[in-house]
**Student:** 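Sharing a structure here in structure tokens format.
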Amino acid sequence: MINASTTARPWALSLADLTQAAVFAALIAVLGLPGQINLSAGVPITLQSLGVMLAGAVLGPKKGTLAVVIFMVLAIAGLPILSGGRTGLVSLSAPTAGFFVGFLPAVIVIGVLTAMMMPKYNIVLGIVINLIGGMAVLYACGTIGLMIKADMTVGAALATNSSFVVGDLIKAVLAALIAAPVHRGRPGLITPLRVRRHA
């Protein structure tokens with residue numbers, strides 16, 4: 001028999017949930033303030049993907065996704081909150097389109113996999129999860145965007161991603177190292193994604 005408590009309104013949001021999501025949306029925006037390093041392909045290296053990893057790793061699939069959605073909606077609405085003072089529409093019309101859109105599936109994957117790991121956060125597994133969502137998923141979306149917006153071949157688009165690898169590896173580790181003590185100090189931030197069965 002499935003425990004009803006695990007299936008009752010799993011995506012309901014409290015005021016505290018909304019507040020946490022809004023704080024992380026602001027964090028992602030703030031991480032764009034240090035600026036960017038522009039690459040020849042027109043795709044900048046920024047810290048905002050770290051914010052996406054943190055949203056998934058700390059808040060999980062529900063609140064983390066909401067945080068990224070809030071950030072993306074505000075950017076598309078015209079706020080210059082992307083790195084370099086760009087708006088969402090500017091990003092969507094540039095080679096960065098795939099990476100910007102990829103923030104959403106990246107945080108969902110990180111959030112879901114992290115929730116499946118909970119209630120105890122494991123740093124090593126957390127790093128792996130951040131790499132899956134924050135690199136594999138994000139790079140896949142970015143590659144598609146480069147092929148469409150910059151008319152690149154698959155090989156050229158994949159080669160462009162190589163410029164991000166070292167920095168994103170560091171971000172994945174940092175996100176896990178930050179998430180671990182947060183979950184120790186604030187257990188219950190992420191509801192474990194497990195269905196309990198009783199005999």
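Atoms considered below: every heavy atom in the structure, side chains included; atoms not considered: hydrogens, waters and symmetry mates. Everything numeric in this text was worked out from a predicted model, so none of it was measured.
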**Student:** Which pair of non-hydrogen atoms, one from A106 and one from G133, has the smallest distance, and what is that distance?
**Tutor:** CB-O, 3.3 Å

**Student:** Are the side chains of Y121 and V182 in touch, meaning some heavy atoms are under 4.5 Å apart?
**Tutor:** no

**Student:** Check this for me: M118, atom CE, are more than 12 non-hydrogen atoms of other residues, nucleotides or ligands nearer than 6.0 Å?
**Tutor:** yes

**Student:** Does any non-hydrogen side-chain atom of P187 lie less than 4.5 Å from one of P119?
**Tutor:** no

**Student:** Kindly assign one of parallel, tilted or perpendicular to the pair F99 and F164, based on the angle between their ring planes and the thresholds 30° and 60°.
**Tutor:** perpendicular

**Student:** In this structure, would I144 and L104 fall into the same cluster of hydrophobic residues linked by side-chain contacts under 4.5 Å?
**Tutor:** no

**Student:** Could you check whether any side-chain heavy atom of V112 comes within less than 4.5 Å of a side-chain heavy atom of P61, counting everything from C-beta outward?
**Tutor:** yes

**Student:** Enter the distance from T160:OG1 to M152:CE here, rounded to the nearest 0.5 Å.
**Tutor:** 3.5 Å

**Student:** Measure across S93 and K149 and return the closest heavy-atom pair with its distance rounded to 0.1 Å.
**Tutor:** CA-NZ, 4.1 Å

**Student:** With rounding to the nearest 0.5 Å, note down the distance linking CG in L138 to CD1 in I110.
**Tutor:** 8.5 Å

**Student:** To the nearest 0.5 angstrom, please state how far the CG atom of L113 sits from the CD1 atom of I108.
**Tutor:** 11.5 Å

**Student:** About how many Å separate NZ of K120 and CG of L125, when rounded to the nearest 0.5 Å?
**Tutor:** 12.5 Å

**Student:** Kindly say whether F100 contributes a backbone atom to a donor-acceptor pair with the side chain of Q48 at under 3.5 angstrom?
**Tutor:** no

**Student:** With no hydrogens and no angle check, is any side-chain donor or acceptor of T87 less than 3.5 Å from a backbone partner on V90?
**Tutor:** yes

**Student:** Report yes or no: does K63 contribute a side-chain atom to a donor-acceptor pair with the main-chain N or O of A22 at less than 3.5 Å?
**Tutor:** no

**Student:** Run the side chain to side chain contact (heavy atoms under 4.5 Å, CB included) test on D168 and S49 for me, step by step, so that the C-alpha distance in whole Å, both residues' side-chain angles and the decisive distance to 0.1 Å come before the verdict.
**Tutor:** CA-CA 8 Å; D168 287 340; S49 55; 3.7 Å; yes

**Student:** Over all heavy atoms of both residues, which pair between I129 and M117 is shortest? Give the atoms and the distance, please.
**Tutor:** CD1-CE, 4.1 Å

**Student:** Which pair of heavy atoms, one from L89 and one from I76, lies closest together, and at what distance?
**Tutor:** CG-O, 3.7 Å

**Student:** State, with a plain yes or no, whether a side-chain heavy atom of I127 is found less than 4.5 Å away from one of L177.
**Tutor:** no

**Student:** Answer yes or no: is there a donor N or O on one side and an acceptor on the other, between the side chain of T96 and the main chain of S91, under 3.5 Å?
**Tutor:** yes

**Student:** If I compare all heavy atoms of I81 with all of L74, which pair ends up nearest, and what's the gap?
**Tutor:** CD1-CB, 3.8 Å

**Student:** Check A172 against L131 and note the closest heavy-atom contact, atom names and distance.
**Tutor:** CB-CD2, 3.5 Å

**Student:** Between S162 (side chain only) and A159 (backbone N and O only), is there a donor and an acceptor less than 3.5 Å apart?
**Tutor:** yes

**Student:** Would you indicate whether the side-chain heavy atoms of M135 and L169 approach each other to under 4.5 Å?
**Tutor:** yes

**Student:** Can you hop from I148 to V137 via hydrophobic side chains spaced under 4.5 Å?
**Tutor:** no

**Student:** Which residues, ordered by chain and number, are linked to M147 in its hydrophobic cluster, where ILVMFWY side chains connect at heavy-atom gaps below 4.5 Å, directly or through other members?
**Tutor:** V154, L158

**Student:** Got a donor-acceptor contact below 3.5 angstrom from the K62 side chain to the G111 backbone?
**Tutor:** no

**Student:** Is there a side-chain contact between L189 and Q20 (heavy atoms, below 4.5 Å)?
**Tutor:** yes

**Student:** Measure the spacing between CG of L79 and CZ of F71 and express it to the nearest 0.5 Å.
**Tutor:** 10.0 Å

**Student:** Measuring from atom CG of L82 to atom CG of L92, what distance do you get when rounded to the nearest 0.5 angstrom?
**Tutor:** 8.5 Å

**Student:** Under a 4.5 Å cut-off applied to non-hydrogen side-chain atoms, are H183 and I190 in contact?
**Tutor:** yes

**Student:** Are any of the side-chain heavy atoms of I70 and L66 separated by less than 4.5 Å?
**Tutor:** yes

